[in-house]
Amino acid sequence: MKIIMLGAPGAGKGTQAKKIAEKYGIPHISTGDIFRANIKNGTELGKKAKTFMDQGLLVPDELTCDLVVDRIQQPDAARGYVLDGFPRTIPQAECLKDALDKLGSRIDYAIDVDVPDENIVNRMGGRRACLKCGATYHIVYAAPKQEGICDSCGEALVLRDDDKPETVQKRLNVYHEQTQPLIDYYNGQNVLRTVDGTQDLEDVFKQIVQILGE
Ligand code: ADP
Ligand code: AMP
């Protein structure tokens, strides 16, 4: 099963992608997580990506596409995968389609987690991230057992630099300009499914399971 998660930053793509990965036994591939791991490890890619991420801008397509095309050909992705945060532009979607065509493969579902901008600001302001293991929390809706500490690995949780209020509005503008057109793109390919992302996270997941099957 090959799945793409669509939706604004903070809509809950990562939260749902992790649940999908666990239930269906496929890898969760998040370009944001890959970039953050590279930043943490001080790689060249990380240094380049950081300058864009800190400003709420997209990392250029040429730094993003090959990385994903390579990742989806790893052995653990043979049975499928859930892509979270990629593609984010029409050229990225075209690059993915070209690569999949060559591999004789295709995307099965593009799931749009639909959340209006008003809710996003609240979601991102309350998000707390573990930069060690990639777990995500919310101070109200998905609080860790111990405040400020990751349940999975014990690392201190942080407010991501790009979740600060001054950057959130910029990221929403970038989303509407560059990423939202993908909704029509995947609708045109008959793989678009939309879920109401304003509901409680377990209810959002129920909608997704109805689409993907038990
Ligand atoms: P994205 O991957 O789309 O950027 P996340 O999955 O990281 O978004 O979710 C953003 C924030 O909102 C996180 O703090 C997460 O815990 C919280 N969240 C996710 N889904 C819901 C939901 N359905 N209701 C309330 N909060 C949610
Ligand atoms: P995310 O974790 O998905 O919210 O991504 C955080 C940031 O990483 C984004 O605001 C972008 O700067 C960058 N990023 C992640 N995925 C992509 C992508 N597919 N294309 C361009 N930039 C990306």
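Just follow the structure's listing: the first ligand is 1, and inside any ligand the first atom is 1. We're numbering straight along the sequence, starting at 1.
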Open item on the list: Could you walk me through whether Asp163 and Arg171 satisfy the salt bridge (Lys or Arg N to Asp or Glu O under 4.0 Å) test, starting with their C-alpha distance in whole Å, then the side-chain angles of each, then the deciding distance to 0.1 Å, before giving a yes or no?
Closed with: CA-CA 9 Å; Asp163 280 349; Arg171 292 176 69 197; 3.0 Å; yes
TODO: Can you tell me which residues line ligand 2 if we count any heavy atom under 4.0 angstrom from one of its atoms, in chain and number order?
DONE: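 Within the 4.0 Å shell of ligand 2, which is judged on heavy atoms, sit Thr31, Gly32, Phe35, Arg36, Met53, Leu57, Leu58, Val59, Thr64, Gly85, Phe86, Arg88, Gln92, Arg160, Asp162, Arg171.
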Task: Residues which pass salt bridge (charged side-chain N to carboxylate O under 4.0 Å, His left out) with Asp161, listed by chain and number, not counting sequence neighbours - done: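 With neighbours one apart ignored, the set is Lys164.
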Crowded around [X] [atom1]? As in, over 12 foreign heavy atoms under 6.0 Å?
X	atom1	value
Glu155	CD	yes
Lys97	NZ	no
Glu166	CD	yes

Open item on the list: Cys95: which residues meet the disulfide (SG to SG under 2.5 Å) condition with it, sequence neighbours left out?
Closed with: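 By the disulfide (SG to SG under 2.5 Å) rule, Cys95 matches Cys65.
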TODO: Output yes when a side-chain donor or acceptor of Asp108 lies under 3.5 Å from a complementary backbone atom of Lys2, and no otherwise.
DONE: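 Judged by distance alone, yes, a pair lies under 3.5 Å.
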Open item on the list: Is it the case that the side chain of Asn41 and the backbone of Thr43 share a donor-acceptor pair, with hydrogens and angles ignored and the cut-off at 3.5 Å?
Closed with: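 No, Asn41 side chain to Thr43 backbone: no donor-acceptor pair under 3.5 Å.
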Do any nitrogen or oxygen atoms of [X] lie less than 3.5 angstrom from nitrogen or oxygen atoms of ligand 1?
X	result
Gly12	yes
Tyr137	yes
Pro9	no
Val204	no
Thr15	yes
Thr136	no
Tyr141	no

TODO: Show your reasoning for whether side chain to side chain donor-acceptor pair (under 3.5 Å) applies to Asp203 and Gln207.
DONE: CA-CA 6 Å; Asp203 290 332; Gln207 297 177 60; over 6 Å; no
Do me a favour and list the nearest non-hydrogen protein atom to [atom] with residue, atom name and distance?
atom	answer
atom 7 (O) of ligand 1	Arg127 NH1, 2.6 Å
atom 23 (N) of ligand 1	Gln199 O, 2.7 Å
atom 2 (O) of ligand 1	Gly14 N, 2.8 Å
atom 24 (N) of ligand 1	Arg123 NH2, 3.5 Å
atom 10 (C) of ligand 1	Gly10 O, 3.6 Å

TODO: Starting from Val158, walk the hydrophobic network (Ile, Leu, Val, Met, Phe, Trp, Tyr; side-chain heavy atoms closer than 4.5 Å) and list everyone else you reach, by chain and number.
DONE: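 So far as hydrophobic clustering goes, Val158 is joined with Leu131.
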Open item on the list: I need the minimum non-hydrogen distance between Cys150 and Tyr137, along with the two atoms involved.
Closed with: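 Minimum heavy-atom contact is SG-OH, 3.3 Å.
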Task: Cluster overlap Tyr81 with Leu6, hydrophobic side-chain contacts below 4.5 Å - done: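 The answer is yes; both residues are in one hydrophobic cluster.
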Open item on the list: Just verifying a value: how many Å separate Arg88 CZ and Asp61 CG, rounded to the nearest 0.5 Å?
Closed with: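 Atom-to-atom, Arg88:CZ and Asp61:CG are 11.5 Å apart.
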Task: Sub-4.0 Å heavy-atom contact, Ala17 with ligand 1 - done: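 False for this residue.
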Open item on the list: Please determine whether any non-hydrogen atom of Ala11 lies less than 4.0 Å from an atom of ligand 1.
Closed with: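 Checking ligand 1 against Ala11, which is what was asked, there is a heavy-atom contact under 4.0 Å.
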Task: Contact atoms of ligand 1, heavy-atom distance to Ala8 under 4.0 Å - done: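 Answer for ligand 1: 3 (O).
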Task: Per-atom contacts, ligand 1 versus Leu201 - under 4.0 Å to a heavy atom - done: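 Those of ligand 1 that fall under 4.0 Å from Leu201 are 22 (C), 23 (N).
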Task: Asp200 contact mode with ligand 1 (heavy-atom cut-off under 4.0 Å) - done: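 Asp200 to ligand 1: backbone contact only, side chain stays beyond 4.0 Å.
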TODO: Flag the pair Arg71 and Asp76 as a salt bridge only when some basic side-chain nitrogen lies within less than 4.0 angstrom of an acidic carboxylate oxygen.
DONE: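 Asp76 and Arg71: salt-bridged.
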Open item on the list: Judged on heavy-atom distance to atom 16 (O) of ligand 1, which of Arg171, His138, Lys13 sits nearest?
Closed with: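 It is His138 whose heavy atom sits nearest to atom 16 (O) of ligand 1.
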Open item on the list: Does either side chain, that of Asp33 or that of His28, offer a donor lying less than 3.5 Å from an acceptor on the other one?
Closed with: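 The answer is no; no qualifying pair exists.
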